[in-house]
Structure formats: C-alpha cells, structure tokens
Colleague: 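Have a look at the structure that comes next, please.
On a predicted model such as this, the values are computed, not experimentally measured, just so you know. For this chain, numbers begin at 1 and follow the sequence in order.
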Amino acid sequence: MIKHISHNSNKIYFDNIELDIPNITNIETYASGCNGVVFKAKDYLLDRTVALKVWDMKVSKEIYNRALNETKKLAKIASIFFVTVHRFGYYKNVPYAVLEYIPGITLRKWLDGNRSFYDRAALWKMYIKALKYLYDNNMLHGDPHAKNVIVFDDTSHNYQKITDLIVDNYFGIKLTDFGTSFFLGHEKFEMREASIIKEVACEIFKNEFPQNTIEYEASNDLNFIISIVESFQNYCYIEKEIK
C-alpha cells in the first residue's frame, strides 16, 4: 500500500512535498511494496528508460541509512542476475535510487502462465546461481521471494547458455529489492532466507513436489534446502527425458 507518495508524469511528491530528482521525466508507477514505490521513468539527460525507487517510509536518518546501505550492497554486485544501480540520492532525507529498468514481470506472475517443467527448472537454476553468487561473497539477499525476481525475454539467449538446460522459451531473471543487509554467519537470518527459498521452490515446483517434501524444521538450512531441491529437480529432469 502506498503511504506517502504521489506523482504526475513529471514530478514525485512525498506528503505533498515535491522531490527534486534531477533529469527524471515521463514517470509512471511500475511496482510497489512494503518499503517503497518503483517507477518507470525517463532519464532525459542520458536518454534512457530507468527504474526509480523511492522509499515510502517515515522520514528519518535511520531509513536514509538503511536505504543507502541496501543500495550500496546492490551496487557492489557485478552479476548478470542483479539489476544495475545508476545512482543514489535524497531530498529532505527522502531516499531514492535510479536503477536499471527491466521490462519484465515478477516470478510470481510468470508462474501464473502455466510454465513447462523445463522452463521452471531453468529458472530455478538461474535463481540458485544468483543466490550462490551472494553466498560466495559472504552476503545474504535478505528477501529473495518470488515478487523480488523479475523474469524477462532473453532475445540474445545469454541466460540459456548459463543454465545449459533445454528450455521451451528464452528468458532471463534479475533479483531486485534487497532486504535489510546481513552477512553470512547470522543463524537467525540464514534460517529466514532458507525459509523464503523453500517457499519459492514450492511455488516453482508445486506440480512436482510430493506433498510436504521439504516442509520440516531440519530443512531450515541454506545449503541443505538448496541441495535437496536441486537433487529433486535433477531427478524430475532425468525422469522426463527418459519418458
């Protein structure tokens, strides 16, 4: 629910205060969540379409620092699976970030399209590669649920080369909207991340998983949950190829 933000085609307002965001025009709502609103907009100076995120939370130094830390974390990542940060700024302590615009849909919406097992298996492989990139760099995503994964057409087939799986359609994914930044080694946050990954796996493979396959406490471990779903995916893949 949008709490503080309104806009027209050229301006964004926070509690009726106009935000001074340089070079931005052609503004339209793209998505919204509990932390902020993302707009599709035009950076007219660089002549490109961008995603503009404005944090839709009570103005405070704490919120500003949180937004900055989350954006800095994303900006340090050099991976095909994550959106690119163009710049970060603020106006009267209202933080915003100008990001790469991805013309796609969320994973949750994509799954509504009755996708083939081969496409879902390829997507899962991309999703896990993205998360393993973070874990190899001692980071957690914090909130890798299906609404924070954007699926888009991959006309160059770059992502299919990465998965090396048979697919029915060519697409790629990018993860967005990091949760509060944590590093590996915090058991509480690792268990939360594992729980979210488990939910995503159940959404992707709901037609294949035997009931309650991974619904037990022992599975709230990052490495275990990833390995068991990968093993089950490989089993299903081989089974379908044999058939």
Side-chain angles (χ1 to χ4, degrees), residues 1-46 48-79 81-102 106 130-131 133-135 137-150 174-186 188-193 196:
M1 182 179 68
I2 298 176
K3 300 181 284 291
H4 302 279
I5 296 174
S6 60
H7 74 95
N8 58 40
S9 62
N10 293 308
K11 297 292 182 181
I12 296 175
Y13 302 88
F14 190 97
D15 288 345
N16 296 320
I17 297 173
E18 181 183 316
L19 302 184
D20 183 13
I21 302 178
N23 311 325
I24 294 297
T25 188
N26 295 353
I27 299 165
E28 55 186 273
T29 303
Y30 181 58
S32 62
C34 58
N35 292 329
V37 181
V38 179
F39 300 95
K40 177 183 177 183
K42 180 73 173 289
D43 183 330
Y44 60 79
L45 188 62
L46 296 178
R48 64 181 174 188
T49 301
V50 296
L52 172 65
K53 178 176 180 178
V54 181
W55 273 258
D56 188 22
M57 306 176 76
K58 184 178 179 181
V59 175
S60 69
K61 192 65 176 177
E62 179 184 356
I63 296 302
Y64 167 79
N65 287 333
R66 174 178 167 180
L68 176 59
N69 289 335
E70 290 175 15
T71 308
K72 285 171 68 175
K73 179 179 176 181
L74 181 58
K76 291 178 181 178
I77 295 173
S79 168
F81 295 115
F82 295 88
V83 297
T84 301
V85 176
H86 297 319
R87 56 191 165 100
F88 179 87
Y90 66 96
Y91 184 77
K92 294 188 176 179
N93 278 338
V94 177
Y96 64 86
V98 181
L99 309 166
E100 175 186 11
Y101 171 71
I102 306 299
T106 67
L131 293 177
Y133 173 90
L134 294 180
Y135 306 153
N137 287 277
N138 197 38
M139 292 186 290
L140 290 170
H141 182 280
D143 205 14
H145 59 68
K147 291 180 68 176
N148 281 339
V149 180
I150 303 298
K174 286 186 183 284
L175 273 66
T176 66
D177 223 18
F178 278 67
T180 303
S181 181
F182 298 111
F183 292 101
L184 287 172
H186 295 265
K188 173 183 175 181
F189 304 122
E190 288 185 18
M191 288 180 65
R192 181 181 183 276
E193 183 126 338
I196 293 171

Colleague: Quick one: are Glu28 and Ser9 in side-chain contact, heavy atoms under 4.5 Å?
Modeller: no
Colleague: Decide yes or no on salt bridge (charged side-chain N to carboxylate O under 4.0 Å, His left out) for Arg66 and Glu70, but give the supporting numbers first.
Modeller: CA-CA 6 Å; Arg66 174 178 167 180; Glu70 290 175 15; 3.1 Å; yes
Colleague: Please lay out, stage by stage, how Tyr96 and Ile21 fare under the test side-chain contact (heavy atoms from CB on, under 4.5 Å).
Modeller: CA-CA 8 Å; Tyr96 64 86; Ile21 302 178; 3.8 Å; yes
Colleague: Report yes if some heavy atom in the side chain of Glu100 is under 4.5 Å from a heavy atom in the side chain of Lys174; otherwise report no.
Modeller: yes
Colleague: Which heavy atom of Thr71 sits nearest to which heavy atom of Phe88, and what is that distance?
Modeller: OG1-CD1, 3.6 Å
Colleague: Ala51 and Tyr101: which non-hydrogen atoms are nearest, and at how many Å?
Modeller: N-CB, 3.7 Å
Colleague: Grab the two heavy atoms, one from Ile102 and one from Tyr30, that are nearest each other, plus how far apart they are.
Modeller: O-OH, 2.7 Å
Colleague: Is Asn148 reaching over with its side chain to a backbone N or O of Asp143, donor-acceptor style, under 3.5 angstrom?
Modeller: yes
Colleague: With side-chain contact (heavy atoms from CB on, under 4.5 Å) as the test, would you mind laying out the steps for Arg87 and Asp43 before giving the verdict?
Modeller: CA-CA 11 Å; Arg87 56 191 165 100; Asp43 183 330; 3.8 Å; yes
Colleague: With rounding to the nearest 0.5 Å, note down the distance linking OG1 in Thr84 to CD1 in Ile77.
Modeller: 10.5 Å
Colleague: Could you check whether any side-chain heavy atom of Val37 comes within less than 4.5 Å of a side-chain heavy atom of Lys53, counting everything from C-beta outward?
Modeller: no
Colleague: When you measure from the side chain of Glu18 to the backbone N and O of Tyr13, does any donor-acceptor pair fall under 3.5 Å?
Modeller: no
Colleague: Any side-chain heavy-atom pair from Leu175 and Leu131 closer than 4.5 angstrom?
Modeller: yes
Colleague: CD1/Ile24 to CG/Leu45 distance, rounded to the nearest 0.5 angstrom?
Modeller: 10.0 Å
Colleague: Is any side-chain heavy atom of His86 closer than 4.5 Å to one of Val50?
Modeller: yes
Colleague: Under 6.0 Å between ring centres: does that hold for Tyr64 and Tyr90?
Modeller: yes
Colleague: Can you tell me if Asn16 has over 12 outside heavy atoms packed within less than 6.0 Å of its CG?
Modeller: no
Colleague: Decide yes or no for Leu52 and Leu99: does some side-chain heavy atom of the first lie under 4.5 Å from some side-chain heavy atom of the second?
Modeller: no
Colleague: Does Thr176 offer a backbone N or O that forms a donor-acceptor pair with the side chain of His141 under 3.5 Å?
Modeller: yes
Colleague: Determine whether Leu134 and Phe82 satisfy the following criterion, side-chain contact (heavy atoms from CB on, under 4.5 Å), listing intermediate values before the conclusion.
Modeller: CA-CA 10 Å; Leu134 294 180; Phe82 295 88; 3.7 Å; yes
Colleague: Just how far is it from atom NZ of Lys147 to atom OG1 of Thr106, taken to the nearest 0.5 Å?
Modeller: 7.5 Å
Colleague: Looking just at side-chain N and O atoms, do Glu190 and Tyr135 make a donor-acceptor pair shorter than 3.5 Å?
Modeller: no
Colleague: Check Lys11 against Ile27 and note the closest heavy-atom contact, atom names and distance.
Modeller: N-CD1, 3.7 Å
Colleague: Which heavy-atom pair separates His4 from Lys58 by the least distance, and what is that distance?
Modeller: NE2-N, 4.1 Å
Colleague: Within the distance-only criterion (no hydrogens, no angle test), does the side chain of Asp56 pair as donor or acceptor with the backbone N or O of Lys3 below 3.5 angstrom?
Modeller: yes
Colleague: When the ring planes of Phe39 and His7 are compared, do they come out parallel, tilted or perpendicular, using 30° and 60° as the limits?
Modeller: perpendicular
Colleague: Does Leu46 reach the side chain of Asn23, with side-chain heavy atoms less than 4.5 Å apart?
Modeller: no
Colleague: Looking only at heavy atoms, what is the nearest atom pair of Ser32 and Ile2, with distance?
Modeller: CB-CG1, 4.1 Å
Colleague: Any non-hydrogen side-chain atom of Thr49 less than 4.5 Å from a side-chain atom of Lys40?
Modeller: yes
